[in-house]
Number of protein chains: 2
Amino acid sequence: MSLPNKRPLTLRDVSEASGVSEMTVSRVLRNRGDVSDSTRARVLAAAKELGYVPNKIAGALASSRVNLVAVIIPSLSNMVFPEVLTGINQVLEDTELQPVVGVTDYLPEKEEKVLYEMLSWRPSGVIIAGLEHSEASRAMLRAAGIPVVEIMDTDGTPIDAMVGISHRRAGREMAQAIVKAGYRHIGFMGTKMPLDHRARKRFEGFTEMLAKSGIEIEDRAFYSGGSALAKGRQMTQEMLERSPELDFLYYSNDMIGAGGLLYLLDQGIDVPGQIGLAGFNGVELLQGLPRKLATMDACRLEIGRKAAEIIAARLGEPPVPVETSVTLTPTIAFGDTLKRR
Amino acid sequence: MSLPNKRPLTLRDVSEASGVSEMTVSRVLRNRGDVSDSTRARVLAAAKELGYVPNKIAGALASSRVNLVAVIIPSLSNMVFPEVLTGINQVLEDTELQPVVGVTDYLPEKEEKVLYEMLSWRPSGVIIAGLEHSEASRAMLRAAGIPVVEIMDTDGTPIDAMVGISHRRAGREMAQAIVKAGYRHIGFMGTKMPLDHRARKRFEGFTEMLAKSGIEIEDRAFYSGGSALAKGRQMTQEMLERSPELDFLYYSNDMIGAGGLLYLLDQGIDVPGQIGLAGFNGVELLQGLPRKLATMDACRLEIGRKAAEIIAARLGEPPVPVETSVTLTPTIAFGDTLKRR
DNA sequence: ATGAAAGCGCTAACAC
DNA sequence: GTGTTAGCGCTTTCAT
């Protein structure tokens, strides 16, 4: 531990301090090849003494191996992606691989930029949310020549591999459960995000299945920005004032659904008797609410784990062949806001 | 856009495709130096045609410049750090710098590991949460010879620069407000995290100020894991059953505070008349609750912004001198759960 | 305005 | 077990 040098330390410094060749120092620091215990000890002592931190940039260039996995997601703020990251981390922790996260804010141009930026670091693999990407992004991913796992959604064709759930089917199943429970006058609330393809697909599946029972959504509302809980409250109030005949409210995410639930309880409305409710995602938050919102788990942790496993398997030596398409099946949690039939 | 080659493209490929030297191609791609418009056009066309993505590893090694800023935080799951990241992003977006996030889970050993890992990529700067680090971590940070901004907390001495609030003072001020409002029997609930130094400092400031009024905390409880909202609910119930004399509950974060609030409202208890409540953080979620929890904003966005500004200023050409210690002052939001005096 | 040569700090491959 | 040599793909510097 010396005084702050201007010049960063190099292998050469450790080599000189320990009287061992750079090559041997390198071997010790990477636990490669045979090095005698005495030499190893001497090198480690010198490295520690100097406070040497290897330069991965040089290492990566020389070995053309980069232990990074690019993880590209739309957002960090809605609780769903952090959980996916947790799953990825859990798996990658047992490997040499390191996740590096990029955020796109649901913007294709930003996705393109982030992807370009990350690929320029030559990662060993990519995990990216969604199946919809700009043509340029798809081209980059194909050209990269590395494993690419598209996650969250399986309604489409992957570039390479995919892990997720069918949001269309999720929407259909919820519609089915609602109709089966006897609700007939349905309202929908969601985020104003034309680029959230998964929310869109859920909605499409939902309306499609309702149509089969001759039911149409009777009111809908979209929000953007602000506290989802507060918006859920406010939108629910507005919608019920506008459309008092509604007997079910379907929310595109649990947060606004929770806001709606709190509002209805406040008003003393009978849930799920007078009005039923359902959200989507299975967020942990719901556990603390006075009543449990019906929802559908998006299998976030599992998606993260599985995606990381595919990357790790592909990158293994030798590469293990793995399934390139994993569709998980979420189940409805009826909670206390959706009659069981 | 060619078929997936096994060998990644290099400058040389673009050079050959465009009939211009590698050096000139490099200049075009970085917008450096004088290049004739015709050459520039030819090069750009070739690069695009091939789908070339520059190799930053080689670039960084050659120029010994890396436009990365390491951001090291304890967690992504409690909403507070994503907001700090947003602030950092907002500022760095206007620069060449790119944040790279590492997560420590509040574990010093993991912090050390993550730091080592990140420093080995030779970032241009570090933003790291907290002032408490292992001796080895501090040594690494000093030896790195790059700007280091420690964030969130200013109760201590920074290695280089710091931006945050005084959690001790935050605790004291909340205690003061509570006593002033006439509450005398106080319970505390928090996370079981001996390594969350900021929560600890708030608690210390809180008890210290209470002591000045001759008041002592009469009951306390700690939790770990699970849904904070649910835990807040449950712990509040248990605490009030155990200590029915309490007239105020101070929570170490808003999430458990919100759980407590929902429980009390369920029970029909008069808040803030019979029992007052306060949390900490000013999370957006609270806006949707039936009643607003008293809290204190941790200035998360501003901390992120300011930290990034310091890094950017230090890294500018020429480096702009900046304050190395910024203490923001949060104010109490009384909401509907703390009598105003 | 463009090119040639040198080398960033490390590791692969081979020699001893 | 340990050392030597030759790059990895760029950018710097200097020449033209």
Side-chain angles (χ1 to χ4, degrees), chain A residues 5-44 46-47 50 52-68 96 119-124 144-145 317, chain B residues 5-44 46-47 50 52-68 96 119-124 144-145 317:
Chain A
N5 295 317
K6 194 64 226 162
R7 178 179 64 77
L9 293 166
T10 70
L11 259 192
R12 174 171 207 100
D13 297 307
V14 183
S15 163
E16 282 169 0
S18 62
V20 172
S21 78
E22 286 185 45
M23 198 52 237
T24 299
V25 174
S26 167
R27 280 195 268 255
V28 171
L29 264 23
R30 285 175 301 142
N31 294 308
R32 288 285 159 71
D34 300 312
V35 181
S36 72
D37 286 349
S38 65
T39 322
R40 150 166 282 108
R42 218 145 34 101
V43 169
L44 289 176
L50 293 170
Y52 173 71
V53 175
N55 184 332
K56 288 217 179 183
I57 302 210
L61 182 60
S63 64
S64 40
R65 258 186 277 102
V66 182
N67 63 338
L68 262 26
E96 300 279 66
L119 288 180
S120 75
W121 289 100
R122 299 290 186 268
S124 297
E317 211 49 82
Chain B
N5 294 318
K6 194 64 227 163
R7 178 180 63 77
L9 294 166
T10 68
L11 259 192
R12 174 171 209 102
D13 296 306
V14 184
S15 163
E16 281 168 3
S18 63
V20 172
S21 78
E22 286 186 44
M23 197 50 241
T24 300
V25 173
S26 168
R27 280 194 269 254
V28 170
L29 264 23
R30 285 175 301 142
N31 294 308
R32 286 287 158 71
D34 300 312
V35 181
S36 72
D37 286 349
S38 66
T39 325
R40 149 166 283 108
R42 218 143 35 98
V43 169
L44 289 176
L50 293 171
Y52 172 70
V53 176
N55 185 332
K56 288 218 179 183
I57 302 209
L61 182 60
S63 64
S64 38
R65 258 185 277 103
V66 182
N67 63 339
L68 263 24
E96 301 279 65
L119 289 180
S120 75
W121 288 101
R122 299 289 186 266
S124 297
E317 211 48 81

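Quick note on labels: first sequence line is chain A, next is B, and so on, each numbered from 1.
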- Item | Positions of residues 13-20 of chain B (non-hydrogen atom under 4.0 Å from DNA chain C), listed by number | B:Val20
- Task: Please list all pairs passing the salt bridge (Lys or Arg N to Asp or Glu O under 4.0 Å) test where one or both residues lie in residues 33-43 of chain A, with sequence neighbours left out.
- Result: none
- Message: Using a 4.0 Å heavy-atom cut-off, does B:Asp34 contact any base of the nucleic acid, only the sugar-phosphate backbone, or nothing at all?
- Response: base
- Query: Tell me, do A:Ser120 and B:Val53 make a side-chain contact under 4.5 Å, heavy atoms counted?
  - Reply: yes
- Do A:Tyr52 and A:Val43 have side chains that get closer than 4.5 Å, going by heavy atoms? no
- B:Tyr52 side-chain N/O to D:dG9 phosphate OP1/OP2 under 4.0 Å: no
- Task: Not counting sequence neighbours, which residues clear side chain to side chain donor-acceptor pair (under 3.5 Å) with B:Ser18? List them please.
- Result: none
Would you tabulate the side-chain donor-acceptor contacts of residues 9-16 of chain B under 3.5 Å, counting partners in other chains and residues two or more places apart, or write 'none'?
unit_1, atom_1, unit_2, atom_2, d
B:Thr10, OG1, B:Arg12, N, 3.2
B:Thr10, OG1, B:Asp13, OD2, 3.4
B:Arg12, NE, B:Glu16, OE2, 3.3
B:Arg12, NH1, B:Glu22, OE2, 3.4
B:Asp13, OD1, B:Arg7, NH2, 3.1
B:Asp13, OD2, B:Arg7, NH1, 3.0
B:Asp13, OD2, B:Thr10, N, 2.7
B:Ser15, OG, B:Val20, O, 2.6

Do any side-chain atoms of residues 56-64 of chain A form donor-acceptor pairs under 3.5 angstrom with protein atoms, and if so which ones, sequence neighbours left out?
unit_1, atom_1, unit_2, atom_2, d
A:Lys56, NZ, B:Glu117, OE2, 2.2
A:Ser63, OG, A:Gly59, O, 2.8
A:Ser63, OG, A:Arg65, N, 3.3

- Message: Rounded to whole Å, how long is the line connecting atom CG of A:Asp37 with atom P of D:dG1?
- Response: 10 Å
- Between its two end axes (five pairs each) the helix from C:dA1-D:dT16 to C:dC16-D:dG1 turns, nearest 10 degrees, through 30°
- Task: Using side chain to side chain donor-acceptor pair (under 3.5 Å) as the criterion, list what pairs up with B:Thr24, not counting sequence neighbours.
- Result: B:Ser21
- A:Thr39 meets the side chain to side chain donor-acceptor pair (under 3.5 Å) criterion, sequence neighbours left out, with A:Ser36
- First and last nucleotide of DNA chain C in contact with chain B, 5' to 3', at under 4.0 Å to a heavy atom: what are they? C:dA1 to C:dG9
- Message: With the threshold set at under 4.0 Å for non-hydrogen atoms, list the residues of residues 24-32 of chain B touching DNA chain D in residue-number order.
- Response: B:Ser26, B:Arg30
What are the atom names and distances for every N/O pair under 3.5 Å that joins the protein to nucleotides 5-8 of chain D?
unit_1, atom_1, unit_2, atom_2, d
D:dC8, O2, A:Leu61, O, 3.4
D:dC8, O2, A:Ala62, N, 3.1

